[in-house]
*Asks:* 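Below you will find the structure I want to go over with you.
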Amino acid sequence: MKPPDGADTGSAARRTCAFEVTFDGRQVEALPGRTVAAVLWAAGITSWRTTRDGGRPRGVFCGIGVCFDCLVTVNGRPNQRACLVPARPGDDIRTQEGTGHED
């Protein structure tokens, strides 16, 4: 059933509740209640970590916090599981290189 003309279908409310995070210096729109992984996926970003050996790209694998493929650095804290961490306004999210610690 189509909503009546002029009815708010929720899209305007979502836009006003949206906020921004930064991913590797780029502004990305986020919606409340979404994890970092969901925000990145919605922005078309599917890889945000590289492996220690070989620098191979990784993103979400299990999506429930069991594996460690989706590790990301959030606000300077490495090794955050993107599938579990809620996105918050102003978060500085960075691709994690290897272990996330400077050697």
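Residues take their numbers from the sequence shown, with the count starting at 1.
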*Asks:* Closest heavy-atom contact between A30 and V39?
*Replies:* CB-CG2, 3.6 Å
*Asks:* Minimum heavy-atom separation for G90 and N75, please, with both atom names.
*Replies:* O-OD1, 4.3 Å
*Asks:* Minimum heavy-atom separation for T35 to A82, with atom names?
*Replies:* CB-O, 3.5 Å
*Asks:* Does D24 reach the main-chain N or O of T95 with its side chain, forming a donor-acceptor pair under 3.5 Å?
*Replies:* yes
*Asks:* Is the backbone of G65 close enough, under 3.5 Å, to the side chain of R81 for a donor and an acceptor to pair up by distance?
*Replies:* yes
*Asks:* Consider only side-chain heavy atoms of I, L, V, M, F, W and Y, link residues closer than 4.5 Å, and tell whether L71 and V21 are in one cluster.
*Replies:* no
*Asks:* Pairing donors with acceptors under 3.5 angstrom, does anything connect the side chains of T50 and Q96?
*Replies:* no
*Asks:* Just verifying a value: how many Å separate E97 CD and T51 OG1, rounded to the nearest 0.5 Å?
*Replies:* 10.0 Å
*Asks:* Please tell me whether V74 and I45 are part of a single hydrophobic cluster in this structure, the criterion being side-chain heavy atoms less than 4.5 Å apart.
*Replies:* yes
*Asks:* For a 4.5 angstrom cut-off between non-hydrogen side-chain atoms, does T73 reach Q80?
*Replies:* no
*Asks:* Restricting to non-hydrogen atoms, name the atom on A87 and the atom on F19 that form the minimum distance, rounded to 0.1 Å.
*Replies:* O-CZ, 3.5 Å
*Asks:* For D69, is there any backbone N or O sitting under 3.5 Å from a side-chain donor or acceptor partner on R49?
*Replies:* yes
*Asks:* Over all heavy atoms of both residues, which pair between V28 and A43 is shortest? Give the atoms and the distance, please.
*Replies:* CG1-CB, 3.6 Å
*Asks:* How many angstroms lie between atom SG of C83 and atom CG of L40, to the nearest 0.5 angstrom?
*Replies:* 12.0 Å
*Asks:* Would you mind reporting whether I93 and W48 have side-chain heavy atoms less than 4.5 Å apart?
*Replies:* no
